[in-house]
Amino acid sequence: MLLIVGTVRLPAANLERALPAMQAMVEASRAEPGCLEYGYAQDVLVPGLIHVKELWSDQAALDAHFASSHIQAWRAAWPALEMGERNLRVYEVGAPRST
């Protein structure tokens, strides 16, 4: 499995305008084969800082996601939303266990 975690940042004033695009991205991604988990969450202390968490079954599923029309639309929206400071990392992970 592949775990993607990290953050993206946009001006806090643009967050409300970004929500429909973010919602569309999350919903479309969750419907993709191989997507086990996909979510965005606003930081409670830093306005405009969005935490990203994705879990994919394998590299083929992630590659298909990167080639999808909804990710292309999401990325095309970034300039107008002033999306910046994208900091995402991919980790290979094993089976989950309770803490």
Side-chain angles (χ1 to χ4, degrees):
M1 288 185 289
L2 299 174
L3 174 66
I4 298 177
V5 293
T7 58
V8 295
R9 187 182 298 268
L10 71 159
N14 293 351
L15 184 59
E16 192 165 328
R17 281 191 312 120
L19 290 177
M22 293 170 73
Q23 181 177 348
M25 181 61 183
V26 169
E27 289 173 348
S29 297
R30 287 179 178 176
E32 288 183 69
C35 180
L36 305 174
E37 192 172 334
Y38 198 100
Y40 299 150
Q42 184 178 347
D43 192 284
V44 297
L45 299 177
V46 183
L49 182 64
I50 307 299
H51 295 271
V52 177
K53 183 172 77 169
E54 307 174 28
L55 186 62
W56 296 92
S57 60
D58 53 36
Q59 187 64 51
L62 184 57
D63 290 344
H65 170 68
F66 287 145
S68 70
S69 59
H70 54 273
I71 200 166
Q72 302 309 317
W74 170 232
R75 289 178 175 172
W78 290 358
L81 297 172
E82 300 177 65
M83 190 73 66
E85 293 186 44
R86 185 175 170 272
N87 182 12
L88 301 171
R89 299 286 184 259
V90 179
Y91 301 91
E92 292 185 32
V93 297
R97 61 182 173 88
S98 297
T99 58

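- Sequence neighbours left out, not one pair with a member in residues 15-36 passes ring-ring contact (aromatic ring centres under 6.0 Å, His included).
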Please output the side-chain donor-acceptor pairs of residues 91-99 that fall under 3.5 Å, not counting sequence neighbours, one pair per line with the distance.
none

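- For Glu37, the side-chain contact (heavy atoms from CB on, under 4.5 Å) partners at least two apart in sequence or on another chain are Lys53, Leu55.
- Residues Gln72 and Phe66 approach most closely at NE2-O, 2.9 Å, considering heavy atoms.
- Across every non-hydrogen atom of Met25 and Ile71, the tightest pair is CE-CG1, 3.5 Å.
- Closest non-hydrogen pair, Ile50 versus Gln42, comes out as CD1-CA, 4.0 Å.
- Tyr40 is not listed as a side-chain neighbour of His51, based on a closest heavy-atom distance of 4.5 Å or more.
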(message) Using the rule given for side chain to side chain donor-acceptor pair (under 3.5 Å), can you reason through His70 versus Glu32, listing the C-alpha separation, both sets of side-chain angles and the distance that settles it, and then say yes or no?
(response) CA-CA 11 Å; His70 54 273; Glu32 288 183 69; 2.8 Å; yes
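- Partners of Gln59 under the side-chain contact (heavy atoms from CB on, under 4.5 Å) rule, at least two apart in sequence or in another chain, are Leu2, Leu62, Asp63.
- The shortest heavy-atom contact between Cys35 and Ser29 is CB-O, 3.2 Å.
- Minimum heavy-atom separation, Ala12 to Pro47: CB-CB, 3.6 Å.
- For the pair Met1/Leu36, a side-chain contact is recorded, criterion being any heavy-atom separation below 4.5 Å from C-beta on.
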For a quick test of your reading: what N or O donor-acceptor pairs under 3.5 Å do the side chains of residues 75-90 make, sequence neighbours left out?
residue	atom	partner	partner atom	Å
Trp78	NE1	Trp74	O	3.3
Glu82	OE2	Asn14	ND2	3.2
Glu85	OE1	Arg9	NE	3.2
Asn87	OD1	Arg89	NH1	3.4

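- Checked against side-chain contact (heavy atoms from CB on, under 4.5 Å), Arg30 has the following partners two or more places apart in sequence or in another chain: Val26, Tyr38.
- Results of the side-chain contact (heavy atoms from CB on, under 4.5 Å) test with Leu49 over Asp43, Val8, Val44 single out Asp43 as the only residue that passes.
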